[in-house]
Amino acid sequence: DEIASTPLHDLSWWQQSPAERDAAFASLRRDRPRMFVPLGPAKEGSRPKGFWALTTYEDILEVSRRPEDFSSGIGGTQIFDQPAELQEYRGSIIDMDNPEHARLRKIVSRGFTARNLSGLRDEIEETVSEILDEMSETGECDFVEEFASLLPLRIIDNLLGIPREHEKFILEATNTILGASDSEYIEDQSARGIGKAVTAASEALIALLNDLAEDRIANPQDDLITKLVAADDENLTPQEMAKFFILLVGAGNETTRNVISHGLHVLTQHPEQRDLWLSDYEEYATTAIEEMLRWATPVIHFRRTVTRDGVMLGDLELFEGDKVVMWYTSANRDETIFDDPEKFDITRDPNPHVAFGGAGAHFCLGAHLARLELDVAFRMLFERYPDIRAVGEPVRLRSNFLNGIKHLRAEYTVAP
Ligand code: HEM
């Protein structure tokens, strides 16, 4: 039947409109909330290849809370196991289980505690102000290129201590790695072409990191690279550092920007919501930002792998090596949790969305930083250009992993 063959791993399936995808997920939640998606024919006597597509909020939250049954380390957190040639570059905390996960997460969290980030608001304000100054004075621009992508990029660069001269390179490298399935970023879309380009981008990132790390050992600075390479007994090995660096520049860059872009687009589509927010920015900021996070759900899914035979998820019995995929996109529209889930409502409260992952060990390390960036971004954007609006349809990233927007035209009145 049609539902049973919903090919969630298939990139072309993700080319349909968001409304069509939402409708398909609603059917899955209703009729096949734990659907098995086969990947190739089953061999006799062995478990069929494929993954269980989890689409309800409840299942996704539960899986995220049981890392001992649902591993991030076995084969990684993407639908397909990590290719051997990329193992050197991938596999930081996001693809780890305890005890390694807890040990490393504790070390890398040093730079991410609320206290450590408190001085950051001023820095983000300065950065937004600078970006607004640089924005086109013609009153129109590619909002992704001139605003949305620049803020997270400059903030993660500052945090790590990457000099401004490398900004363009960092953006291109993370676009290549996380936008690998889009021909705008990698022209040769054969498996070999993608592998080559992603390897090259990862190696170039590591080369830059090695230069910076060497420098920081000799000349410590007030930045995360210095903190992580600092000579004490909780040091990261160079290999751990390299993987974490790639994870961090990617996660820093390729997520928050999409909430900014989807945010401007959806606020343009719903002028009454936008007017309400602008009538009292402070009053609605917290709930509006959570609603934009729910709406955009920049990370579409992550995968887990079952660690032993006999793991139960509700009444579904699972076996060692079975893959389960948590479709956050679907959980964030689950009608049992969110009233009128297809409605964009900046006053929605409570709003327990899973845009940052469910709960538990792997909950997004950058959530606080992302929320801070979103708050400052919209506050200052609307102060400078109160009438800014998206024009036309966004150009979406070809991906089943990131709900990305590559380009979005915007118009605004520039004061004479
Ligand atoms: C983990 C989403 C921003 C760093 C995650 C996970 C999600 C997510 C869904 C869970 C992974 C899992 O369960 O396997 C997002 C979204 C963001 C965002 C939607 C923006 C709106 C950031 C930023 C940073 C960051 C700005 C860093 C500067 C990380 C790291 C992890 C993570 C390091 C791995 C945590 C672990 O495995 O222990 N993120 N993220 N994220 N995120 Fe984010």
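We count ligands from 1, going down the list as the structure has it; atoms in each ligand are counted the same way.
- Only the side chain of Arg105 comes within 4.0 Å of ligand 1, judged by heavy-atom distances.
- Counting heavy atoms under 4.0 Å from ligand 1, residue Ile93 touches it through both backbone and side chain.
- Where the criterion is an N or O separation shorter than 3.5 Å, residue side chain and backbone included, Ser72 fails it with respect to ligand 1.
- No heavy atom of Glu373 sits closer than 4.0 Å to any atom of ligand 1.
- Aromatic pair Phe401/His301: ring centres closer than 6.0 Å.
- A salt bridge does not link Asp142 to Arg409: none of the charged side-chain nitrogens sits closer than 4.0 Å to a carboxylate oxygen.
- Residue Ile156 has at least one heavy-atom neighbour below 4.0 Å for each of these atoms of ligand 1: 28 (C).
- Phe147 and Phe143 have parallel rings, their planes meeting at less than 30° on a 0 to 90° scale where 60° marks the start of perpendicular.
- Heavy-atom neighbours of Asn219 CG from other residues, nucleotides or ligands within 6.0 Å: above the threshold of 12.
- Relative to atom 25 (C) of ligand 1, the option among Ala251, Gly76, Gly250 with the closest non-hydrogen atom is Ala251.
- Taking the six-membered ring for Trp and thresholds of 30 and 60 degrees, Tyr57 and Phe338 have ring planes more than 60 degrees apart, a perpendicular arrangement.
- No side-chain donor from either of Tyr412 and Glu140 sits under 3.5 Å from a side-chain acceptor of the other.
- Using a 30° and 60° split on the angle between ring planes, Phe51 and His9 fall in the perpendicular class, above 60°.
- Here the heavy atom of the protein found nearest to atom 27 (C) of ligand 1 is Leu248 CD1, 3.8 Å.
- Close approach to Val299 involves these atoms of ligand 1, each under 4.0 Å from a residue heavy atom: 2 (C).
- Distance from atom 10 (C) of ligand 1 to its nearest protein heavy atom, with residue and atom name: His362 O, 3.5 Å.
- Residue contacts with ligand 1, taken as heavy atom pairs separated by less than 4.0 Å, involve Ala361 solely via the backbone atoms N, CA, C and O.
- Residue-level proximity to ligand 1 for Thr256 is carried by backbone and side chain together, each with a heavy atom below 4.0 angstrom.
- Contacts with ligand 1 closer than 4.0 Å are made by heavy atoms of both the backbone and the side chain of Phe356.
- Residue contacts with ligand 1, taken as heavy atom pairs separated by less than 4.0 Å, involve Cys364 via backbone and side-chain atoms alike.
- Among Leu293, Leu224, Leu372, the residue whose heavy atom lies closest to atom 21 (C) of ligand 1 is Leu293.
- Around the CD atom of Glu58, the shell of radius 6.0 Å holds no more than 12 heavy atoms that belong to other residues, nucleotides or ligands.
- When non-hydrogen atoms are compared, ligand 1 lies under 4.0 Å from neither the backbone nor the side chain of Val108.
- For the residue pair Thr297 / Asn332, a side-chain donor-acceptor distance below 3.5 Å is found, with atom types taken as modelled.
- With contacts defined as side-chain heavy-atom distances shorter than 4.5 Å, the pair Arg389/Asp387 qualifies.
- Side-chain contact annotation: Asp223 with Thr226, donor-acceptor N/O pair under 3.5 Å present.
- For ligand 1, the atoms sitting less than 4.0 Å from at least one non-hydrogen atom of Gly357 are 7 (C), 9 (C), numbered in the order shown with element in parentheses.
- For ligand 1, the atoms sitting less than 4.0 Å from at least one non-hydrogen atom of Ala355 are 2 (C), 9 (C), 19 (C), numbered in the order shown with element in parentheses.
- Close N/O approach between Thr255 and ligand 1 is not found [any backbone or side-chain N/O within under 3.5 Å].
- Using cut-offs of 30° and 60° on the angle between ring planes, the pair Phe378 and Trp277 is tilted.
- Atom CD1 of Ile206 and atom CD1 of Ile246 lie 4.0 Å apart (nearest 0.5 Å).
- Within ligand 1, counting atoms from 1 as listed, the ones closer than 4.0 Å to a heavy atom of Tyr328 are 9 (C), 13 (O).
- The residue Leu159 has no part lying near ligand 1, judged by heavy-atom distances below 4.0 Å.
- Proximity of Ala296 to ligand 1 is not established, as no heavy-atom distance is less than 4.0 Å.
- In this structure, Trp295 and His270 have perpendicular ring planes: the angle between them is above 60°, well past the 30° mark.
- The environment of Glu167 atom CD is dense: over 12 non-hydrogen atoms of other residues, nucleotides or ligands sit within 6.0 angstrom.
- Within ligand 1, counting atoms from 1 as listed, the ones closer than 4.0 Å to a heavy atom of His101 are 36 (C), 37 (O), 38 (O).
- Nearest protein heavy-atom neighbour of atom 30 (C) of ligand 1: Leu365 CB, 3.8 Å.
- Every atom of ligand 1 with a heavy atom of Val259 under 4.0 Å away is listed here by number and element: 21 (C).
- Protein heavy atom closest to atom 24 (C) of ligand 1, with residue, atom name and distance, is Gly366 CA, 3.5 Å.
- Residue-level proximity to ligand 1 for His368 is absent, since no heavy atom of it falls below 4.0 angstrom.
- Residues Tyr281 and Asp375 have side chains that bring a donor and an acceptor to within less than 3.5 angstrom of each other.
- Remark: ligand 1 atoms within the under-4.0 Å shell around heavy atoms of Arg304 are 12 (C), 13 (O), 14 (O).
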